[in-house]
Amino acid sequence: ERCIIPNPSTKVCDSIKELYPKLQAVPASSSSLLATLRDPTSDLYNDITPRGWKNSFEFVWLDYCGTFNSKAGRTRQRDLRAVIENFLGHEDSIL
């Protein structure tokens, strides 16, 4: 239940939820998800908190392609920084 899967496609999220109802598929990019999770007043934060969100990740898989030197790469750098600075709350967290 504490597995959060961001995907910008609502259709993909709906399919994931249908096949795996315990997973939390969120229609958002990973960048927008991370930004939203830092805001305890957001709808998403309030939706996932009762389902086990503890304001930290134990495991993070960011399936990024490309380099860090592009515009998209700078977004990836911000995502990594956000995860490291805000959400790796366990000593044994894996990124």
Side-chain angles (χ1 to χ4, degrees):
E1 288 186 0
R2 291 183 50 211
C3 183
I4 303 169
I5 303 169
N7 189 298
S9 169
T10 302
K11 185 176 181 179
V12 170
C13 288
D14 290 344
S15 295
I16 291 170
K17 290 175 186 178
E18 184 177 323
L19 291 170
Y20 306 99
K22 289 187 176 187
L23 298 180
Q24 297 178 66
V26 178
S29 67
S30 56
S31 299
S32 62
L33 172 69
L34 292 170
T36 302
L37 290 177
R38 284 182 270 175
D39 178 7
T41 64
S42 72
D43 291 339
L44 174 61
Y45 188 95
N46 290 309
D47 180 50
I48 65 174
T49 299
R51 296 185 65 191
W53 172 245
K54 306 247 189 275
N55 208 32
S56 67
F57 294 110
E58 294 173 6
F59 179 87
V60 176
W61 177 278
L62 297 171
D63 190 15
Y64 291 148
C65 299
T67 68
F68 284 123
N69 296 327
S70 64
K71 182 179 177 183
R74 287 186 289 280
T75 300
R76 294 178 189 117
Q77 288 180 47
R78 284 191 299 273
D79 289 351
L80 290 169
R81 193 173 297 114
V83 168
I84 292 166
E85 292 175 354
N86 299 293
F87 299 114
L88 293 181
H90 301 276
E91 290 179 8
D92 55 352
S93 294
I94 299 171
L95 173 63

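What you see is a predicted model, and the numbers here were worked out from it, not measured in a lab. These numbers come from the heavy atoms of this one structure, side chains and all, not from hydrogens, waters or symmetry mates.
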- Message: Suppose we screen for side chain to side chain contact (heavy atoms under 4.5 Å, CB included). Which residues come up paired with Asp39, at least two apart in sequence or across chains?
- Response: Thr41, Ser42
- Under 4.5 Å between any side-chain heavy atoms of Leu37 and Ile48, yes or no? yes
- Task: Could you tell me which residues satisfy side chain to side chain contact (heavy atoms under 4.5 Å, CB included) with Ala35, sequence neighbours excluded, listed by chain and number?
- Result: Arg38
- Query: Between Asn86 (side chain) and Ala82 (backbone), is there a donor-acceptor pair under 3.5 Å?
  - Reply: yes
- Give, for atom CD1 of Ile5 and atom OG of Ser30, the distance between the pair rounded to the nearest 0.5 Å. 13.0 Å
- Sequence neighbours excluded, which residues qualify as side-chain hydrogen bond (donor to acceptor under 3.5 Å, both in side chains) partners of Thr49? none
Counting only pairs under 3.5 Å, give me each side-chain donor-acceptor contact of residues 10-19, with atom names and distances, residues two or more places apart or in other chains.
{"unit_1": "Ser15", "atom_1": "OG", "unit_2": "Lys11", "atom_2": "O", "d": "3.1"}
{"unit_1": "Lys17", "atom_1": "NZ", "unit_2": "Ala25", "atom_2": "O", "d": "3.4"}

- Message: For a side-chain contact (heavy atoms from CB on, under 4.5 Å) check, start with the C-alpha distance between Lys22 and Cys3, then their side-chain angles and the critical distance, and finish with the verdict.
- Response: CA-CA 8 Å; Lys22 289 187 176 187; Cys3 183; over 6 Å; no
- Across all chains, not counting sequence neighbours, the side-chain hydrogen bond (donor to acceptor under 3.5 Å, both in side chains) partners of Ser29 are Ser32
- side-chain hydrogen bond (donor to acceptor under 3.5 Å, both in side chains) with Arg78: which residues, sequence neighbours excluded? Thr75
